[in-house]
Amino acid sequence: MKLYNSLERNIVDFIPINDSEVSMYTCGPTVYDYAHIGNLRTYLFEDILRRSLEFLGYNVLHVMNITDVGHLSDDADDGEDKMLLSSRKKGMSVWDIASFYTEAFFKDCERLHIEKPHISCKATEHIDDMIALIKRIEKAGYTYEAGGNIYFDTSKMPGYGKLALLDRQNQISGVHIDIDSNKHNPRDFVLWFTKSKFENQAMQWDSPWGRGYPGWHIECSAMSMKYLGETFDIHCGGIDHLSVHHPNEIAQSEAATGKKWVNYWIHGEFLLMDQGKMSKSKGGFITLQSLIEDGYDPMDYRFLVLGAHYRSQLVFSTRSLDTARTSRQNLTAKIRSLLEEIGVNCGNELPYSQKSPDNPYIEQFKEDLRQDLNMPKALSRIWAVLKDPDLPSRERLSTAFEMDNVLGLGLKNECVAASELTPEQKTLIEKREEARSLKNWSESDRLRDELLSQGIVITDTPSGTKWTVKV
RNA sequence: GGCGCCGUACCCAAGUGGUAAGGGAGAGGUCUGCAAAACCUUUAUGCAGCGGUUCGAAUCCGCUCGGCGCCUCCA
C-alpha cells in the first residue's frame, strides 16, 4: 500500500507498526452546526481509506473525536465562542446544541454509507485526560502561564511546524496577525484557558491552573493516545489542518511523550464552490439534507466524490452532481438488469460469495487502491467488469459487489421488484398488449401514458413488454 | 508579500519517460409501430504557452500566462 504522507510530502510505502493492525485517528466534527458537503467530503475520503485498508487485509481500529467543547473563533484570546453563539441563536443550551448536531452528523454519515468509527469520543468526556496530558507537557518544561492561561511554548520544540513547512514561510508578512499579547511567540497556542470573558460560560471544569476549559488542540492528542497508544499509524483530517491544528497537536504530543507520535499524516483536499471554498464561518453552505430535498440521493454525492482523487480539489456544481447521478443510475440499472437476467428478485438470496471471484478485475482494483487510493481508476474497473461479455452475469455481479465493499454505493441493495403492481395496473398492461396486437397504436400509447402517470414505465423489448417503477 | 498545489477533449476526470483509462454529453448505427432501454461505432497526432534534458516527455528542469488553497476559526 502506498500513501501520500504529508510529513514527507511524498507517496511512501505504508508500513503499520504491528503487521496487519492499523491504528487510525480522524479529526471529527465540531458540533455547533450541521456538517456541510465540504466537511462530508473529508469524512467520505476517510471512510474510503478505511474500507480500502480493510479490503486489502488490514485490521483497522478507527477512532474519531467529537468536538463538543466551545472554541474561540480565532486562536487569540478573543473572538466569539462558536458553541455559545449557536446556542444563543437557537435558544438551546450548549449541551443540547452539541447533542443535537452530533446526532445530525451521524445521520448524515449513515445516509452516505460512512462506516461508524469503532470509537467516537467526546471532548467533554475526556477533560481529565486532557488535564493529565497538559500536566505532562508542563512537567517536561514546554509551557508558560500568562494572563491566566497556560500556553505551549513553540520555541522550545526544535522541529515545530515541520508538517506545514513553517520554517520556509515568511512569518512577518504584510497580512494582519492579531497577536495575543500574552504570547511569547505568535505561533504559541493555549493549552488551558482560565480567563473566559463570556458570561454564563456553561462549559467549565476545575483544573490545577484554575477553573476554565481546554485549548482547541489538546483533545485530539489526549484522546488519540488514550485509545491508540503514544505512537500510532495514521492521522487524517482536512487539508486546512495541515498548517495550524496538526503542527500544534504534534508539538504538544511529542513534548509530552518524547517520542514520535504519528507515522502517517493523510489530508483530504477541499470541496470548492464556484466562488471558492465552502466554509462554516462564511455561511451559505450546502448540507446533505438540502441535496436530498432537491431530489438527489445521498449516493449521488458519494459517487461524485469517488470520481475525484482525494488530494485534488473538487469543484462542486449542480451540473457535476447531475452528471454523477446519471452515471450512478446507469450503473445501478446495469446491476438490476443483470439481476433480472439471472432471475434474482428483491428478497431473494443474492449471488454473492465471500470468496473473491477468480478474475483479474479484483486484483487490478486492489492495485488501484494501493496506488495512493486511486478511486477514479478503481471506479472505472466496475464498468469494465459489468460490460465484460466474456464473464458470466453471476460473476460480473459478484465481482461488482465485492468492489462495492470499498465503493460503498450499496449496490447489494439494488434489486428488481417482483410484484408491486395493483390489479388495475396489471389490467391496463394487459389491455395495452391487446391494443398493440390489434395495432391500435393510439390506444396503446394512451394506456402507456396512463401507466406513466402512475409511475409505471413501460418498455417494449424483443422478449416482450416490461415495466419498471419510475425512480 | 511568503509557502504550497494545479492547468489533459464540449464537461468531469485517471495517467507511475515509451506513445492519451473511465464517466457524462453529442453524433452515426442495430433493434423498434412509435417511444424508451440496451448494444455497437465514433469524438485530443495532442495534454495552458515557450524553451531545455532525452533515442523518446502529458509525465523531468526552467520561464511565462491562468486558476486555487494556506499564512486567521475552518473538513
Side-chain angles (χ1 to χ4, degrees), chain A residues 2 6 9 11 26-30 32 35-46 71-76 79-82 161 164-179 186-187 216 236-245 267-272 276-282 285 303-304 306-309 311-317 319-331 333-334 337 364 368 371-372 374-384 387 389 436 439-442 444-445 448-449 452 457-462 466 468:
Chain A
K2 287 181 190 296
S6 299
R9 302 267 163 158
I11 295 172
T26 59
C27 278
T30 305
Y32 66 95
H36 59 62
I37 56 174
N39 300 123
L40 293 170
R41 182 190 180 192
T42 298
Y43 300 113
L44 281 166
F45 139 64
E46 290 159 354
H71 282 306
L72 302 178
S73 58
D74 64 53
D75 204 31
E80 293 258 44
D81 180 303
K82 291 175 180 174
L165 305 179
L166 292 182
D167 50 326
R168 282 199 219 167
Q169 296 189 16
N170 179 9
Q171 293 184 27
I172 301 124
S173 60
V175 186
H176 82 282
I177 298 176
D178 286 336
I179 298 171
R187 303 267 190 208
W216 174 41
C236 296
I239 189 74
D240 52 322
H241 287 325
L242 184 69
S243 57
V244 177
H245 184 46
H267 293 95
E269 253 295 354
F270 271 125
L271 180 79
L272 304 176
K277 75 169 186 174
M278 190 178 289
S279 134
K280 278 190 185 179
S281 55
K282 284 176 190 162
F285 58 85
F303 194 92
L304 176 69
L306 286 170
H309 191 269
R311 282 190 293 112
S312 300
Q313 294 174 340
L314 174 61
V315 179
F316 178 84
S317 66
R319 191 179 173 183
S320 62
L321 188 59
D322 284 341
T323 297
R325 171 165 60 183
T326 305
S327 183
R328 188 185 70 83
Q329 286 175 348
N330 287 344
L331 187 70
K334 183 78 191 168
S337 87
Q364 289 169 345
D368 297 333
Q371 297 302 320
D372 192 30
N374 192 336
M375 288 319 293
K377 201 167 183 181
L379 186 59
S380 75
R381 304 288 183 196
I382 202 167
W383 293 103
K387 289 182 172 177
R436 287 190 74 221
K439 297 194 190 296
N440 184 352
W441 309 127
S442 61
S444 80
D445 289 351
R448 181 167 62 195
D449 289 343
L452 184 62
V457 181
I458 295 298
T459 49
D460 299 318
T461 72
K466 297 198 169 155
T468 50

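Each chain gets a letter, A, B and so on, in the order the sequences are listed, and its residues count up from 1.
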Check nucleotides 16-18 of chain B for protein N or O atoms closer than 3.5 Å to its own N or O atoms and list the pairs.
none

Could you list all N or O pairs between the protein and nucleotides 38-43 of chain B that sit under 3.5 Å apart?
| from | atom 1 | to | atom 2 | distance (Å) |
| --- | --- | --- | --- | --- |
| B:rC39 | OP1 | A:K334 | NZ | 3.1 |

Between protein and nucleotides 33-35 of chain B, what N or O pairs are separated by less than 3.5 Å?
| from | atom 1 | to | atom 2 | distance (Å) |
| --- | --- | --- | --- | --- |
| B:rG33 | N1 | A:D445 | OD1 | 3.0 |
| B:rG33 | N2 | A:D445 | OD2 | 2.9 |
| B:rC34 | O2 | A:R448 | NH2 | 2.8 |
| B:rC34 | N3 | A:R448 | NH1 | 3.0 |
| B:rC34 | N4 | A:D460 | OD2 | 2.7 |
| B:rA35 | N6 | A:D460 | O | 3.0 |
| B:rA35 | N1 | A:D460 | N | 3.2 |
| B:rA35 | N3 | A:R448 | NH1 | 3.1 |

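Closest to the side chain of A:W383, out of B:rC73, B:rC11, B:rG23, is B:rG23. The side chain of A:T323 lies closest to B:rG23, out of B:rA14, B:rG23, B:rA25. Side-chain atoms of A:L272 lie closest to B:rG69 of the nucleotides B:rG69, B:rC73, B:rG24. Set against B:rA14, B:rC71, B:rG69, the side chain of A:Q313 has B:rG69 as its closest nucleotide.
Along RNA chain B, the nucleotide nearest A:R9 and the nucleotide nearest A:F303 are compared for position; the residue whose nucleotide lies closer to the 5' end is A:R9. If you find the closest nucleotide of RNA chain B to A:G307 and to A:T42, the one lying nearer the 5' end belongs to A:G307.
The separation of B:rU43 from B:rG22, taken at their C1' atoms, amounts to 15 Å, rounded to a whole angstrom. The same atom, P, is picked in B:rC10 and in B:rU16; the two are 23 Å apart, to the nearest Å. Comparing B:rA13 with B:rC68, their P atoms are spaced 15 Å from each other, to the whole Å. Straight-line distance between the C1' atoms of B:rU53 and B:rG62: roughly 11 Å, to the nearest whole Å. Spacing of P atoms, B:rG18 relative to B:rG56, comes out at 15 Å, to the nearest Å. B:rA38 sits 40 Å from B:rA48 when the C1' atoms are compared, rounded to a whole Å. Across the P atoms, B:rU59 and B:rC50 are found 13 Å apart, a figure rounded to whole Å. The separation of B:rG24 from B:rA14, taken at their C1' atoms, amounts to 15 Å, rounded to a whole angstrom.
Residues passing the salt bridge (Lys or Arg N to Asp or Glu O under 4.0 Å) test with A:D240, sequence neighbours excluded: none. Qualifying salt bridge (Lys or Arg N to Asp or Glu O under 4.0 Å) partners for A:R311, counting only residues two or more places apart in sequence or in other chains: A:D372. A:Q313 pairs by the side-chain hydrogen bond (donor to acceptor under 3.5 Å, both in side chains) definition with nothing, not counting sequence neighbours. Evaluation of the side-chain hydrogen bond (donor to acceptor under 3.5 Å, both in side chains) rule for A:T326 yields no partner, not counting sequence neighbours. Residues satisfying the salt bridge (Lys or Arg N to Asp or Glu O under 4.0 Å) test with A:R381, not counting sequence neighbours, are A:D368. Judged as a ring-ring contact (aromatic ring centres under 6.0 Å, His included), and not counting sequence neighbours, A:F270 has no contacts. With sequence neighbours excluded, the residues satisfying ring-ring contact (aromatic ring centres under 6.0 Å, His included) with A:H241 are A:W216, A:H245, A:H246. For A:F303, there are no ring-ring contact (aromatic ring centres under 6.0 Å, His included) partners, not counting sequence neighbours.
The separation between A:L379 atom CG and B:rG22 atom C1' is 8 Å, rounded to whole Å. For the pair A:R187 CZ and B:rC71 C1', the computed distance is 7 Å after rounding to whole Å. Atom-to-atom, CG of A:L321 to C1' of B:rC12 comes out at 12 Å; the value is rounded to the nearest Å. Going from atom CG of A:L314 over to atom P of B:rA13 covers 7 Å, rounded to whole Å. Between the P atom of B:rA14 and the CD1 atom of A:I382 lies a distance of 19 Å, rounded to the nearest Å. One can place CG of A:L331 at 17 Å from P of B:rA37, the figure rounded to the nearest angstrom. In this structure, CG of A:D368 is placed 15 Å from P of B:rG23, rounded to the nearest angstrom. Rounded to a whole Å, the CG atom of A:L242 is 10 Å from the P atom of B:rC71.
Note: A:E269 CD to A:L314 CG = 10.0 Å, rounded to the nearest 0.5 Å. Interatomic distance, OG of A:S327 versus CG of A:L379, reported as 7.0 Å (0.5 Å rounding). The CG atom of A:N374 sits 14.0 Å away from the NZ atom of A:K2 when rounded to the nearest 0.5 Å. One finds the CG atom of A:L271 at 13.5 Å from the CZ atom of A:F285 (value rounded to the nearest 0.5 Å).
For A:M375 against A:L306, the heavy-atom pair with the smallest separation is CB-O, 3.5 Å. The two atoms that bring A:S320 and A:L304 nearest to each other are O-CD1, 3.6 Å, heavy atoms only.
Here A:G268 lies out of heavy-atom contact (under 4.0 Å) with every strand. Within the 4.0 angstrom heavy-atom criterion, only backbone atoms of the sugar-phosphate kind lie near A:S327; the bases stay farther away. Among the protein residues, A:H241 comes within range of the sugar-phosphate backbone only, with heavy atoms under 4.0 Å from sugar or phosphate atoms but none that close to a base. Residue A:H309 is classed as a sugar-phosphate contact, given heavy-atom separations below 4.0 Å to backbone atoms only.
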Might you work through the salt bridge (Lys or Arg N to Asp or Glu O under 4.0 Å) test for A:R319 and A:D322, ending with a clear yes or no? CA-CA 5 Å; A:R319 191 179 173 183; A:D322 284 341; over 6 Å; no
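A stem is defined here as three or more consecutive Watson-Crick or G-U pairs, each with both distances under 3.5 Å; for RNA chain B these stems are B:1-7 with B:65-71, B:10-12 with B:22-24, B:25-30 with B:38-43, B:48-52 with B:60-64.
Within the 3.5 Å criterion, the main-chain N or O of A:H36 finds a donor-acceptor partner in the side chain of A:N39.
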